Trainee: 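Got a structure for you, written out below as structure tokens; questions coming shortly.
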There are 2 protein chains.
Amino acid sequence: MKPTETPPDTVQRILEVASRLVQTRGFNGFSYAHIAAELGVTKASLHYHFPSKADLGRRLIEQYERSFVEALAHIEAETAGALERLRRYMRIYSGVLGNEQMCLCGMLAAEHGTLPAPMRRTLQHYFDVNEAWLAKVLEQGRDNGDLRFDGSPGDVAALLLSSLEGAMMLARSYGDPKRFKSATERLLAEFGVPSAAAARPRARKAARR
Amino acid sequence: MKPTETPPDTVQRILEVASRLVQTRGFNGFSYAHIAAELGVTKASLHYHFPSKADLGRRLIEQYERSFVEALAHIEAETAGALERLRRYMRIYSGVLGNEQMCLCGMLAAEHGTLPAPMRRTLQHYFDVNEAWLAKVLEQGRDNGDLRFDGSPGDVAALLLSSLEGAMMLARSYGDPKRFKSATERLLAEFGVPSAAAARPRARKAARR
DNA sequence: GTCTATAGGTGGATAGAC
DNA sequence: GTCTATCCACCTATAGAC
């Protein structure tokens, strides 16, 4: 039995609203006043749960990373092929963009120059975890023949992650999610699979010139 | 002879400092006070040249786009091959990143949700111009055999631009320009040239598995 | 064109009552 | 835990002297 936990969990509600605000307006574009207004509480009570904004920011990243790690575990449990896993990975970002939001950490990466040091370190960790997961999937896929690419899995993972973040940013700026979809499909086709994406390896190359 | 122009040009000096501030701290991360302090003038005199911050922001984008258009013209004048033009294009961004700065417009794209409407429109135009130039180079390169890629030049241009912006953002966040270099080389190799990059078309593909 | 001075607002953060 | 009240730093912007 739970002893005396707050049932709807104030902390969680604050984090949810704050996360959405950062993902739409950026860390320097939202304030305690915004959160307070949306939740119908005062700024002071927010400071009770999150003493400083740097504190709030750090915990936002930590929660975001946790939810990502969970999602990645689900992907590994529910899919077998490397290509399908990459697809699912990209679909996570698709979902974020569908809500007209930017990836929390992509947004913070842009604001890196003004972030408190603790947030920078936590942010780094998020990217490291993502890149490591992608590299693992890429390597396994290459080794069992699902995927084909040149160079190290780590380098490809880094480019993949960068491209996804950039594509989200531009697609959101254009207000056109199709831009993101187009980018992900091409990335999968180029890096992932000269075999599976087109069901006929050379057919599409013939479309050149 | 020049009649009575302000020699070091106050407006230009303001724009230069402001641009650097936006590219390192973001539009919501700098203030008139920052510029004033660096130039040794007062905030009030800045407002004389740029009445509102939205005004300043819009003119920053316009100037950034102009300098880009000039650079693109130089590239077209000095190089012939599509691949070399793409390389030169990427080198522009490399130079920006080398100063530990983000692309002005990539930064603003992240902050899109909080930008004044006039800035949003001007920003869009910058991306349109870049994408159009890239698409033109890609199409010409494909038609004369310099480049090979599937799909429309426009789609590839969009991915290329997105990937570059994303790669800049992440590389700057990691404080590691090599991450950007690695990304651009791979992009050139994948999209640009199964022939020129490796001087031996199939050799690198053979490195799979 | 640049200054001083200031308006009017919002930022993050704290003290202390309830 | 949440409130009222308040602090002080900073923000964008303007008025008016020089």
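So you know, we letter chains A, B, ... as the sequences are listed, proteins then strands, and number each from 1. All figures in this text were calculated on a predicted structure; none of them were measured in a lab.
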Trainee: List in chain and number order the residues that pass side-chain contact (heavy atoms from CB on, under 4.5 Å) with Ser94(A), two or more places apart in sequence or in another chain; answer none if no residue qualifies.
Mentor: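 side-chain contact (heavy atoms from CB on, under 4.5 Å) list for Ser94(A), sorted by chain: Phe180(A).
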
Trainee: Taking ring pair (Phe, Tyr, Trp, His ring centres under 6.0 Å) as the definition, give me every residue that meets it alongside Phe68(B), ordered by chain and number, with sequence neighbours left out.
Mentor: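 In terms of ring pair (Phe, Tyr, Trp, His ring centres under 6.0 Å), with neighbours along the sequence ignored, Phe68(B) is linked to Tyr64(B), Tyr93(B), Tyr126(B).
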
Trainee: Got a sec, which residues hit side-chain contact (heavy atoms from CB on, under 4.5 Å) with Ser182(B), two or more places apart in sequence or on another chain?
Mentor: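 Asp155(A).
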
Trainee: Taking NE2 from His49(A) and P from dG12(C), how many angstroms apart are they, rounded to a whole number?
Mentor: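 For the pair His49(A) NE2 and dG12(C) P, the rounded distance is 17 Å.
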
Trainee: CZ of Phe50(A) versus C1' of dG12(C): gap in Å, rounded?
Mentor: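 Rounding to the nearest Å, CZ of Phe50(A) and C1' of dG12(C) are 15 Å apart.
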
Trainee: Please enumerate all residues that pass side-chain hydrogen bond (donor to acceptor under 3.5 Å, both in side chains) together with Thr24(A), with sequence neighbours excluded.
Mentor: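 Applying side-chain hydrogen bond (donor to acceptor under 3.5 Å, both in side chains) to Thr24(A) gives none.
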
Trainee: Strictly under 3.5 Å: I want the nitrogen or oxygen pairs between protein and nucleotides 3-7 of chain C, one per line.
Mentor:
unit_1	atom_1	unit_2	atom_2	d
dC3(C)	OP2	Thr42(B)	N	2.8
dC3(C)	OP2	Thr42(B)	OG1	3.0

Trainee: Could I get the full list of ring pair (Phe, Tyr, Trp, His ring centres under 6.0 Å) partners for His47(A), not counting sequence neighbours?
Mentor: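 Applying ring pair (Phe, Tyr, Trp, His ring centres under 6.0 Å) to His47(A) gives Tyr32(A).
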
Trainee: Expressed in angstrom and rounded to an integer, what is the separation of Leu115(B) atom CG from dT12(D) atom P?
Mentor: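 Checked: the CG to P distance equals 14 Å.
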
Trainee: When you get a sec, tell me which of dT2(D), dT12(D), dT2(C) is the closest nucleotide to the side chain of Lys53(B)?
Mentor: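 The closest nucleotide is dT12(D).
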
Trainee: Can you pull out every side chain to side chain donor-acceptor pair (under 3.5 Å) where at least one residue sits in residues 34-46 of chain A? Sequence neighbours excluded, please.
Mentor: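 Found Arg20(A)-Glu38(A), Ser31(A)-His34(A).
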
Trainee: Between the side chains of Ser19(A) and Gln23(A), is a donor N or O closer than 3.5 angstrom to an acceptor N or O?
Mentor: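 Present: a donor and an acceptor within the cut-off.
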
Trainee: According to side-chain hydrogen bond (donor to acceptor under 3.5 Å, both in side chains), who are the partners of His125(A), at least two apart in sequence or on a separate chain?
Mentor: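 Glu65(A).
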
Trainee: Rounded to whole angstroms, how far apart are CG on Leu56(A) and P on dG11(C)?
Mentor: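 It is 14 Å, rounded to the nearest whole Å.
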
Trainee: Of the residues in residues 22-37 of chain B, which ones touch DNA chain C at a heavy-atom distance under 4.0 Å?
Mentor: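 Under 4.0 Å from DNA chain C: no residue of residues 22-37 of chain B.
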
Trainee: Go through dG12(C), dG1(C), dG1(D) for me and flag the one nearest to the Tyr48(B) side chain.
Mentor: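 That would be dG1(C).
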
Trainee: Rounded to whole Å, please give me the gap between NE2 in His47(A) and C1' in dG1(D).
Mentor: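 His47(A) atom NE2 is separated from dG1(D) atom C1' by 15 Å.
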
